[in-house]
Participant: 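Got a structure here, written out as structure tokens. Questions coming.
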Amino acid sequence: MDLDRELNPQQREAVLHEGGPLLVLAGAGSGKTRALTYRMAHLVLHRGFAPWNILAITFTNKAAEEMRLRVQRLLGLEKTGIWIGTFHATCARILRQHIERLGYGANFVIYDAADQLRVVKACLKRQGAGAKQIRPVAVQGLLDKAKNQGINPALLVPEQSATGRILEEAVADYERHLREANALDFGDLILLVLRLFDTCPDVRAKYQERFHSILVDEYQDTNRAQHLLLQKFASEGGELCVVGDDDQSIYRWRGAEVTNLLAFEKDFPGTRILALEENYRSTQNILRAADGVARGNPERREKRLWTRNEEGDRIVYEEAVTSDEEANFVAREIQRLAAEFDIPYRHMGVFFRTNAQSRSFEEKFVFYRIPHAVIGSVRFYERAEVKDLLAYLRFLYNPSDSVSLLRILNQPPRGIGAASQATLQDYADRQGTSLWGAIEGALEQGVLSGAIRGRLDRFHGMIRTVQEDCENQVSPEKLLKAVIKRTGYKAYLEGKEDGERRIENMEEFVRTAGQFQALEDEKPGKEMLGAFLQRIALVSDIDQYEDRANCVSLMTLHCAKGLEFPVVFLTGMEDGVLPHQRSYTSPEALAEERRLCYVGMTRAKKKLYLSRACFRTSYGERQRTDPSPFLASIPSDLVDFQGEDDGFATREEIGHGHVEPTDGDFVLDYGESQLDRPPLPPIPSSGRKQVYRIGDMIEHESLGIGTVRNVEGTGYKEKVTIQFAVGKIRKLMVQVSPIKKIS
DNA sequence: CCTCGGTGATTTTTT
DNA sequence: ATCACCGAGG
């Protein structure tokens with residue numbers, strides 16, 4: 001490790017800094033991972049830190065894996081002993097050890113968003129008819145929001161209205177339910193460690209002493225709970241180093257607070273601030289274009305990212321007529337690059353804002369025989385068959401897990417339907433036991449009628465048999481095989497529509513279990529099962545991403561964070577897609593969309609394509625689109641307009657955008673619009689937009705003046721909830737109601 | 001208890 | 001366009 005040769009002065013400083021807190025503002029492609037890994041290696045090799053005194057937090061498991069490999073290489077060790085992982089994985093690890101101090105069992109399971117939603121729905125149902133109008137996702141959002149901020153969800157319940165009380169009850173019920181199931185949601189992982197440190201100072205002290213050096217990557221995307229956690233972790237003499245870039249903050253919607261980064265020195269006095277501004281990744285043109293986009297946001301730290309790299313090609317902008325043709329363009333361009341310049345497929349990435357956009361690309365890639373991998377969209381562990389089997393394992397691991405039990409009770413169908421389930425749940429509630437306890441109790445007491453009793457008895461017997469396997473420390477893979485055999489799950493899948501594919505998934509899942517075992521063979525059976533389940537609960541899509549295969553990568557912009565490709569296609573550059581329609585509700589959300597665009601652009605090393613479709617089909621309706629307002633922030637001399645007779649959007653259409661071009665000097669030069677060429681589909685007059693925003697003042701013919709409190713639906717289905725000055729609240733169809741905007 | 005067909009929402013983004 | 005959810009019928 002030669003720090004002088006392999007690092008620039010700022011990186012070197014980040015590596016060598018000793019003592020107080022360190023904040024590294026690292027622009028895109030500025031070698032922050034290098035700085036972090038070198039710092040860790042340096043701590044061990046030259047400053048006498050033991051590996052187990054170091055904790056490194058990354059944003060994804062994959063980043064953790066990568067970092068681990070790089071540190072291992074630098075240290076020349078097979079195993080480092082450094083804790084590297086996401087906040088969630090780290091917290092799960094800590095909780096496995098100490099959660100009993102909080103009254104939970106060490107065999108807790110982790111509920112994902114889908115599990116969480118099921119519980120929420122059940123809780124709302126129990127609240128009766130009054131809860132009908134409360135949307136389960138809204139409750140879920142509330143729970144997340146609270147936990148992300150490190151506070152008790154009950155505190156976030158709005159005013160003391162009737163709905164508020166129901167909500168309060170539902171939230172309390174949710175918490176009780178999870179507690180009884182010995183289950184934690186994602187937010188709990190962080191929250192409970194906070195609580196653990198508060199209630200058990202000895203545990204806190206233990207970790208404070210242990211982690212003498214803490215490093216956190218992607219700090220701009222941490223939420224308040226994580227920030228608080230870090231404060232609790234940090235010890236007097238310890239070293240803390242966080243790295244981030246405010247321009248790449250794209251998880252605000254998930255509770256991330258960029259102020260954690262920007263006001264870091266307030267919470268950690270005496271912070272030394274460094275900036276990494278040399279970009280090693282992209283060409284000058286790409287960097288300048290991306291910089292133009294970033295500058296469109298008023299609230300950001302001023303910075304000057306520069307590069308020694310070549311000027312490079314201009315950015316290609318393609319306007320296709322339809323999303324289909326956009327995909328066609330991308331596919332053919334990829335083929336051309338592969339054929340003419342020998343660019344490997346794995347060097348090319350195709351990004352989009354929403355998962356739904358991936359489909360047209362997949363279809364075209366299949367047609368052109370382009371090897372490709374879609375990262376994310378249909379997550380492996382969320383497929384029904386995989387989740388079913390997973391539920392069996394989870395239940396075996398933790399019999400209190402009622403969500404999992406409910407899922408497997410009638411899967412494959414064994415005649416224990418909704419009615420029986422409700423009866424059992426009722427019985428459980430009255431007896432104050434878990435669902436499983438209720439089943440055992442009901443069978444013993446003989447409170448059930450004939451048919452159902454027999455079915456339940458068979459289920460019970462089957463579970464008992466596998467439970468014995470589980471107690472005998474059988475490995476996850478064998479357990480899985482036992483479950484499949486005893487439940488007849490394979491036969492059940494065979495009878496289904498796309499049974500073959502589902503069986504493949506099932507087998508893939510068994511293989512995954514086998515692979516996992518091979519890695520963690522030193523753990524005893526039950527513990528290995530726990531580790532296996534935990535891993536599955538915490539893996540993200542990007543973690544599955546394998547860059548060895550020579551495939552074009554298709555992914556959302558969020559997934560693309562932290563990656564780089566020589567060639568990048570940033571697609572769907574349309575108003576309403578990027579920025580997403582939903583982000584027009586607030587300036588902050590809109591700013592985040594701009595950063596998302598910036599993140600996408602800065603993934604590109606050599607060549608960047610931007611594309612859009614003039615017509616896009618959404619909700620089964622074909623809609624005319626406007627170009628993304630972000631395009632106007634790109635200096636026009638950096639852009640190449642693709643195609644001979646392809647025209648471009650008119651100046652007016654761009655001017656339509658909701659963000660003013662920031663650099664007066666650079667305005668795109670638009671030619672004729674190809675929108676006027678045949679064949680053209682019918683153009684709906686209003687488009688799928690929302691005319692009203694929350695907070696707008698309106699005037700109603702008879703009810704007078706009011707304020708928009710909520711907007712739902714778009715186009716002709718747009719509905720607004722109005723709070724009128726006369727005190728009434730009304731929900732109105734925009735198209736048919738006699739209202740007009742007055743502000 | 002299961003299956004079919006109608007209906008209405010649904011699309012951000014994910015540890 | 002597609003999917004989840006609901007009610008009716010087998």
Side-chain angles (χ1 to χ4, degrees), chain A residues 57-64 85-92 110-114 116-118 121 125 132 135-137 140-141 144 147-148 184-190 218 221-223 225-226 249-256 351-360 375-377 379 381-382 384 410 412-423 451-452 455 534-543 555-561 572 576-585 589-590 592-593 595-597 599-600 616-623 688 712-714 717 719:
Chain A
I57 305 282
T58 58
F59 192 70
T60 64
N61 295 292
K62 167 155 165 74
T86 62
F87 266 111
H88 291 92
T90 305
C91 287
I110 300 167
Y111 279 0
D112 68 13
Q116 194 184 26
L117 201 59
R118 283 170 83 110
K121 279 178 186 165
K125 209 168 214 171
K132 271 270 157 67
R135 293 199 347 262
V137 284
Q140 190 183 28
D144 274 346
K147 293 183 180 189
N148 284 336
L184 312 186
D185 59 29
F186 282 127
D188 287 335
L189 289 172
I190 315 290
E218 308 278 14
D221 285 323
T222 54
N223 59 39
Q226 292 164 341
S249 147
I250 55 174
Y251 282 92
R252 205 187 70 97
W253 52 273
R254 211 175 71 185
F351 304 158
F352 30 79
R353 176 64 179 81
T354 66
N355 282 307
Q357 287 165 256
S358 78
R359 220 173 111 173
S360 47
I375 319 296
S377 69
R379 279 173 232 148
Y381 294 114
E382 278 174 24
N410 202 31
R414 41 177 84 86
I416 309 172
S420 316
Q421 289 175 16
T423 313
I452 183 69
R455 292 165 187 160
Q534 180 167 313
R535 158 133 198 115
I536 288 171
L538 299 179
V539 288
S540 61
D541 302 320
I542 197 65
D543 299 331
M555 63 186 83
T556 63
L557 284 164
H558 285 88
C559 271
K561 181 167 98 154
V577 175
L578 183 66
H580 194 274
Q581 188 61 53
R582 303 268 284 239
S583 62
Y584 274 107
T585 43
L590 200 55
E592 177 145 308
E593 298 288 306
R595 292 191 293 268
L596 207 45
C597 182
V599 166
R616 188 170 292 279
T617 308
S618 56
Y619 301 102
E621 256 180 299
R622 175 179 254 200
Q623 294 296 144
R688 280 203 158 263
E712 300 155 86
T714 54
K717 284 179 184 162
K719 293 181 272 295

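Quick note: numbers below take in every heavy atom, side chains included, and nothing from hydrogens, waters or symmetry partners. Chain naming here is simple, since letters A, B, ... match the order of the sequence lines and numbering starts at 1 in each.
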Participant: Indicate the ring-plane relationship of A:Phe186 and A:His88, choosing parallel, tilted or perpendicular according to the 30° and 60° boundaries.
Facilitator: perpendicular
Participant: Just call it for A:Asn410: base, sugar-phosphate, or nothing, with non-hydrogen atoms closer than 4.0 Å on any strand.
Facilitator: sugar-phosphate
Participant: Looking at A:Arg359, I want to see if its CZ is surrounded by more than 12 non-hydrogen atoms of other residues, nucleotides or ligands under 6.0 Å.
Facilitator: no
Participant: Just N and O in the side chain of A:Ser618: are any of them under 4.0 Å from OP1 or OP2 of C:dA1?
Facilitator: no
Participant: Whole angstroms only, please: what is the CE-C1' distance between A:Met555 and B:dT14?
Facilitator: 15 Å
Participant: Tell me what A:Arg616 touches on the nucleic acid: a base, only sugar-phosphate, or nothing, going by heavy atoms under 4.0 Å.
Facilitator: nothing
Participant: Does A:Arg359 have a side-chain nitrogen or oxygen under 4.0 Å from the phosphate oxygens OP1 or OP2 of C:dT2?
Facilitator: yes
Participant: Rounded off to whole Å, could you give me the CZ-to-P distance for the A:Phe352 and B:dT11 pair?
Facilitator: 17 Å
Participant: Rounding to an integer number of Å, can you tell me how far A:Leu184 CG sits from B:dT15 P?
Facilitator: 18 Å
Participant: Starting at atom CD of A:Glu621, determine the distance to atom C1' of C:dT2, rounded to an integer number of angstrom.
Facilitator: 14 Å
Participant: Take atom CG of A:Leu189 and atom P of B:dT15, then tell me their distance rounded to the nearest Å.
Facilitator: 13 Å
Participant: Separation of A:Gln357 atom CD from B:dT10 atom P, in whole Å?
Facilitator: 19 Å
Participant: Identify, between A:Val137 and A:Asp144, the residue whose nearest nucleotide on DNA chain B lies closer to the 5' end.
Facilitator: A:Val137
Participant: Using modelled atom types and a 3.5 Å cut-off, is there a donor and acceptor pairing between side-chain atoms of A:Asp144 and backbone atoms of A:Gly141?
Facilitator: no
Participant: Hey, is A:Phe59 doing a stacking thing with B:dT15, by the 5.5 Å centroid and 30° angle criteria?
Facilitator: no
Participant: Can you tell which of B:dC1, C:dT2, B:dT15 lies closest to the side chain of A:Arg455?
Facilitator: B:dC1
Participant: For A:Trp253 together with A:His580, are the ring centres under 6.0 Å from each other?
Facilitator: no
Participant: Closer to the 5' end of DNA chain B via nearest nucleotide, is it A:Phe87 or A:Glu593?
Facilitator: A:Glu593
Participant: Using OP1 and OP2 only, check whether a side-chain N or O of A:Asn355 sits under 4.0 Å from B:dT14.
Facilitator: yes
Participant: Let's go through A:Ile250 and A:Asp221 carefully: what are the C-alpha distance in whole Å and the side-chain angles of both, what is the deciding distance for side-chain contact (heavy atoms from CB on, under 4.5 Å) to 0.1 Å, and is it a yes or a no?
Facilitator: CA-CA 7 Å; A:Ile250 55 174; A:Asp221 285 323; 4.2 Å; yes
Participant: When you get a sec, tell me which of B:dT11, B:dT13, B:dT15 is the closest nucleotide to the side chain of A:Phe186?
Facilitator: B:dT15
Participant: With a 4.0 Å limit, can you tell me whether A:Lys121 has a side-chain N or O closer than that to the phosphate oxygens OP1/OP2 of C:dC5?
Facilitator: yes
Participant: Write down the distance between CD1 (A:Ile190) and P (B:dT15), rounded to a whole number of angstrom.
Facilitator: 13 Å
Participant: Nearest to the side chain of A:Tyr251, which nucleotide is it out of B:dT14, B:dT15, B:dT11?
Facilitator: B:dT14
Participant: Calculate the interatomic distance between A:Gln581 atom CD and B:dT13 atom C1'; express it in whole Å.
Facilitator: 15 Å
